[in-house]
Amino acid sequence: MPPTLRLPRADGTLASYTLSGRAAITPPTGPITSRIGMAAVHVVADSVAAINPTLDVALDWDATLRYRHYVWSLGLAVAEAMDTSQRGMGFDWPTARELIRRSVAEARTVRGAVLASGAGTDQRAPGASVTLADVEAAYEEQCSFIEGVGGRIILMASRALAACARGPEDYEKVYARILAQVSEPVIIHWLGDMFDPALAGYWGSLDLDRATETLLGIVHEYAARIDGVKISLLDQRREIAMRARFPKGVRMYTGDDFDYPTTIRGDGQRASDALLGIFDVIAPAASAALHALDAGDVARFEAILAPTLTLSRHVFGAPTRFYKTGVVFAAYLNGHQAHFRMVGGLESARSVVHVSEQLVLMDRAGLLRDPDLAAERMRRVLALAGVD
């Protein structure tokens, strides 16, 4: 019989929930060809390191890299050291640098593995004394390191730039300098302020239409140095309108964790590729759905992803920046790591009611690899919260 749990609800009561017994999604093997499907992946904290976890960072390197191999085994690409790994939320550049070095080396051991890594300016904290030249130097340091170890670049949004830029022309200046230096085309990431409040007004304006025009101007001028743009605005209509205006050869990587099935499926003329944090949580379903799309089976693609969308909207619910807690919780339930601890203690960012609902939604989407293990691990989380 499937296990039953007593889960807390928002009204303060407990309700019994019996796991569905639904078989976990098992995707086909082999490469995915119709779309690029990148999972922005999490890191596994070292739960027994003798550090102050609110100030210092220690990773379980074996578990962290093992998870990348798991994602590659499903035919998905890995986006490394992005905001899903808690860049800017406890995960510092020195540790990210080591993670990138190790991940690039691991990717070389896997046939067909695709990896791209986040380059930002997080070694330079925003402040009154920070100049555009400082921002450029910080970007150059990280880009140089990634390319120096043989990696590909995802050019992340910069808090320091958002703080010191006076208008669109400053963004144009900084991005022009960095794009002129890269060896291979990069992915530009526009991360909205729902993910990071410090990025409000990015591209030089709080008006998203004006900001969009600034980004499009950069994309058109430097198209040869841009592989694509990842849009994380949770705004499907804006994404679709933007990709229609991209130069030929520049991809749109959806970062819309609220509406990704529609943007990935496409409108018959254009479609988005994917670079999504939720793909970490739903990796088997993402792989199976993209394989279905490869076969031209749009109905199956939509049927697989439909229940994951409800899950994703829950995981990425406001405050959206705390979605990382749900990502690691999913990995814990599914046995990809031995504990539910996070860099900076961020496991406390979501309530036990929130993660209880996540368990239910993962079960309904066929995303529990071993229901008995997931139930036992959920009981540990409930016990820690005082729920018998």
Side-chain angles (χ1 to χ4, degrees), residues 38-43 54 57 79-93 95-96 99 116-127 130 134-135 138-139 142 153-165 168 170-171 174-175 178 186-208 210-212 214-215 229-235 238-239 242 253-258 260 275-281 312-313 315-328 342-350:
M38 277 193 170
V41 291
H42 71 285
V43 294
T54 64
V57 181
E80 187 60 277
M82 298 287 289
D83 51 296
T84 305
S85 71
Q86 299 177 241
R87 291 286 290 272
M89 293 186 73
F91 190 55
D92 57 23
W93 166 239
T95 313
L99 174 63
S117 302
T121 65
D122 47 329
Q123 76 275 45
R124 173 67 70 173
V130 175
D134 294 327
V135 173
Y139 266 135
Q142 295 200 16
I153 293 168
I154 302 170
L155 203 58
M156 300 170 66
S158 164
R159 288 177 177 173
L161 179 56
C164 72
D170 286 343
Y171 288 87
V174 170
Y175 276 81
I178 302 307
V186 307
I187 299 171
I188 293 177
H189 186 192
W190 184 2
L191 189 67
D193 59 3
M194 68 289 294
F195 288 91
D196 186 346
L199 297 176
Y202 212 74
W203 307 114
S205 179
L206 290 170
D207 183 324
L208 289 181
R210 292 179 62 186
T212 296
T214 299
L215 173 56
V229 179
K230 169 177 160 60
I231 301 295
S232 297
L233 298 178
L234 305 181
D235 185 340
R238 184 172 299 279
E239 176 181 326
M242 284 186 67
Y253 288 91
T254 186
D256 187 351
D257 301 277
F258 283 3
Y260 48 89
L275 200 171
L276 289 160
I278 196 58
F279 271 21
D280 185 306
V281 177
S312 187
R313 290 172 178 172
V315 171
F316 283 79
T320 299
R321 63 187 180 278
F322 295 134
Y323 78 88
K324 293 94 169 170
T325 302
V327 173
V328 174
M342 297 177 66
V343 171
L346 203 65
E347 68 275 3
S348 64
R350 293 295 199 190

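Everything numeric here is computed off the predicted structure, so don't read it as measured data.
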Can you tell me how far apart CG (L191) and CG (L233) are? Round to the nearest 0.5 Å.
8.5 Å
Among residues at least two apart in sequence or on other chains, which ones pass ring pair (Phe, Tyr, Trp, His ring centres under 6.0 Å) with [X]?
X: H42; result: Y67
X: F91; result: none
X: Y175; result: W203

Report the residues that fulfil side-chain hydrogen bond (donor to acceptor under 3.5 Å, both in side chains) with [X], sequence neighbours left out, ordered by chain and then residue number.
X: S85; value: none
X: T212; value: R238
X: T95; value: D92
X: D257; value: none

According to salt bridge (Lys or Arg N to Asp or Glu O under 4.0 Å), who are the partners of [X], at least two apart in sequence or on a separate chain?
X: D207; answer: none
X: R313; answer: D259
X: R321; answer: none
X: D193; answer: none

With sequence neighbours left out, the residues meeting side chain to side chain contact (heavy atoms under 4.5 Å, CB included) with A79 are M38, A40, M82, I154, L275
Hey, which of F195, Y171, W190 is the one that makes ring-ring contact (aromatic ring centres under 6.0 Å, His included) with Y202?
Y171
